[in-house]
Amino acid sequence: MTHPGPRLAAVFFDLDGTLADTAGDFIPVVQTLRAEAGLGPLPPERIRASVSNGARGLVTLALGLAEGQDDFEHWRQRLLTLYGGILGTHSTLFPGLRELIARLGDAGIAWGVATNKPRLYTAPLLERLAIEPPPASVVCPEDVSERKPHPESLERNCLEAGCTPGRAVYVGDHVRDIEAGRRAGVYTIAAAWGYIEPGDDPAGWGADALVADSEALAAALLQHHGTTASSTEGTTDTEGKQETCP
């Protein structure tokens, strides 16, 4: 996809691992789950790397159960109950993203969220994070017939934000995010700061660009709007060349 350039109208983010660092909530939840199952703790960084896989993935990580096995649903519900009890307590925006969203607002660019996290947890988390300006669109699994990597979430984001896919960007930390964005026809950016499993390589996800941090993301998004320096350090295309965002 071609970068929207000065026509950029909206930037959409995945939630866990891209916009918000929620691992601090999930690490104690997974450790509690293991303790209740008579298992010892896992290395926190191993849990952190798997947060983007959602409740099902975390149950598999914690207990070695595959979906459909006996007791899997029991433990998934237990994980969600534990998570609901501490939702947002240890969650923050990733460094620089609060400021970046404010700059998007100043430039007249809408922002939003496309997540596979149920609204029951998404809405209170976003309220707790208190991001200004507020999002123009928040799409959760309940809002679509098929969740990511199906493109419907991003298509709905664009509809609610009042822009065409060609004027939007989606930022995510998992291959399913990039697939959803590409299928929706938006410019995709892989967030290298996210929750990435051991052995996974964001450069192989097929994103239009790969960014190392929020400063590089700001350069990739806003260089055509006169609100950031022209440097693109830390931003590469998927072939490893420096991304110029034409």
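Asp16 and Ser52 are not linked by any side-chain donor-acceptor pair at a separation below 3.5 angstrom, with hydrogens and angles left out of the test.
For the side chain to side chain donor-acceptor pair (under 3.5 Å) test, residues two or more places apart in sequence or in another chain that qualify with Glu179 are Arg183. Residues forming a salt bridge (Lys or Arg N to Asp or Glu O under 4.0 Å) with Arg76 (at least two apart in sequence, or on another chain): Glu73. Under the side chain to side chain donor-acceptor pair (under 3.5 Å) criterion, Thr188 pairs with Asp208, sequence neighbours left out. Looking at residues two or more places apart in sequence or on another chain, you find no side chain to side chain donor-acceptor pair (under 3.5 Å) involving Asp201. Shown here are the side chain to side chain donor-acceptor pair (under 3.5 Å) partners of Arg167, two or more places apart in sequence or in another chain: there are none.
Between the OH atom of Tyr187 and the OG1 atom of Thr2 there is a distance of 8.5 Å, given to the nearest 0.5 Å. The CG atom of Leu129 sits 7.0 Å away from atom CG of Leu19, with the distance rounded to the nearest 0.5 Å. Atom CG of Leu79 and atom CG of Leu33 lie 5.5 Å apart (nearest 0.5 Å). Taking CH2 of Trp205 as the start and NE2 of His174 as the end, the distance is 7.0 Å to the nearest 0.5 Å. Within the model, atoms CZ of Phe72 and CD of Glu67 stand 5.0 Å from one another, a figure rounded to the nearest 0.5 Å. Rounded to the nearest 0.5 angstrom, Leu100 CG and Ile109 CD1 are separated by 9.0 Å.
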Task: side chain to side chain contact (heavy atoms under 4.5 Å, CB included) between Leu104 and Leu222, intermediate numbers included - done: CA-CA 8 Å; Leu104 291 176; Leu222 294 173; 3.8 Å; yes
TODO: With side chain to side chain contact (heavy atoms under 4.5 Å, CB included) as the test, would you mind laying out the steps for Lys117 and Leu125 before giving the verdict?
DONE: CA-CA 10 Å; Lys117 193 187 197 79; Leu125 177 60; 4.1 Å; yes
TODO: Determine, stepwise, if the pair Glu142 / Arg119 fulfils salt bridge (Lys or Arg N to Asp or Glu O under 4.0 Å).
DONE: CA-CA 7 Å; Glu142 300 91 333; Arg119 189 168 294 276; 5.2 Å; no
Task: Derivation and outcome, side chain to side chain contact (heavy atoms under 4.5 Å, CB included), residues Ile189 and Leu210 - done: CA-CA 6 Å; Ile189 298 179; Leu210 171 64; over 6 Å; no
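Checking each of Val175, Asp177, Val171 against Asp173 for a side-chain contact (heavy atoms from CB on, under 4.5 Å) leaves exactly one that passes, namely Asp177.
In this structure, Val169 and Leu8 approach most closely via the heavy-atom pair CG2-CD1, 3.7 Å. Contact between Pro151 and Ala184 at its shortest, heavy atoms only, is CB-N, 3.5 Å. Closest approach of Pro135 to Gly112, counting heavy atoms only: CB-CA, 4.1 Å. What you find for Thr22 and Tyr195 is that their closest heavy atoms are N-OH, 2.7 Å. Heavy atoms only, all atoms of each residue included: Pro44 and Ile27 are closest at O-CD1, 3.7 Å. Residues Ala62 and Leu42 come closest through the heavy atom pair CA-CD1, 4.4 Å.
Sorted by first and then second residue, the side-chain hydrogen bond (donor to acceptor under 3.5 Å, both in side chains) pairs involving residues 29-48 (not counting sequence neighbours) are Asp21-Arg48, Glu36-Arg78, Arg46-Ser50, Arg46-Glu197. Residue pairs meeting the ring pair (Phe, Tyr, Trp, His ring centres under 6.0 Å) criterion with at least one partner in residues 102-126, sequence neighbours excluded, are Tyr83-Tyr121. Legend: salt bridge (charged side-chain N to carboxylate O under 4.0 Å, His left out) pairs involving residues 79-92, not counting sequence neighbours: none detected. Here salt bridge (charged side-chain N to carboxylate O under 4.0 Å, His left out) pairs that include residues 4-15, with residues two or more places apart or in two chains, are Asp14-Lys148.
Between Thr60 and Arg56 there is no side-chain heavy-atom pair separated by less than 4.5 Å. Taking the side chain as every heavy atom from C-beta outward, Val29 and Leu80 never approach each other to under 4.5 Å. The closest side-chain heavy-atom distance from Cys140 to Thr115 is below 4.5 Å. Within the 4.5 Å cutoff, no side-chain heavy atoms of Thr164 are placed close to those of Cys158. Side-chain contact between Ser153 and Glu155 is absent, with no heavy atoms from C-beta onward closer than 4.5 Å. At least one side-chain heavy atom of Leu217 sits under 4.5 Å from a side-chain heavy atom of Phe13.
Formation of a donor-acceptor pair under 3.5 Å by the Glu152 side chain with backbone atoms of Ser145 is found in this model. Looking at Asp71, its side chain never comes within 3.5 Å of a backbone N or O of His74 through a donor-acceptor pair.
The hydrophobic cluster containing Val144, built from Ile/Leu/Val/Met/Phe/Trp/Tyr side-chain heavy atoms closer than 4.5 Å, also comprises Val139. Through side-chain heavy atoms spaced under 4.5 Å, either directly or across other Ile, Leu, Val, Met, Phe, Trp or Tyr residues, Val186 is tied to Phe12, Leu154, Tyr170.
Hydrophobic clustering (side-chain heavy atoms under 4.5 Å, transitive across Ile, Leu, Val, Met, Phe, Trp, Tyr) keeps Leu159 apart from Val138.
Contact check on Arg156 versus Glu160 returns a salt bridge, with a Lys/Arg side-chain nitrogen under 4.0 Å from an Asp/Glu carboxylate oxygen.
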Counting only pairs under 3.5 Å, give me each side-chain donor-acceptor contact of residues 84-96, with atom names and distances, residues two or more places apart or in other chains.
unit_1 : atom_1 : unit_2 : atom_2 : d
Thr89  : OG1    : Ile86  : O      : 2.7
Ser91  : OG     : Asp25  : OD2    : 2.6

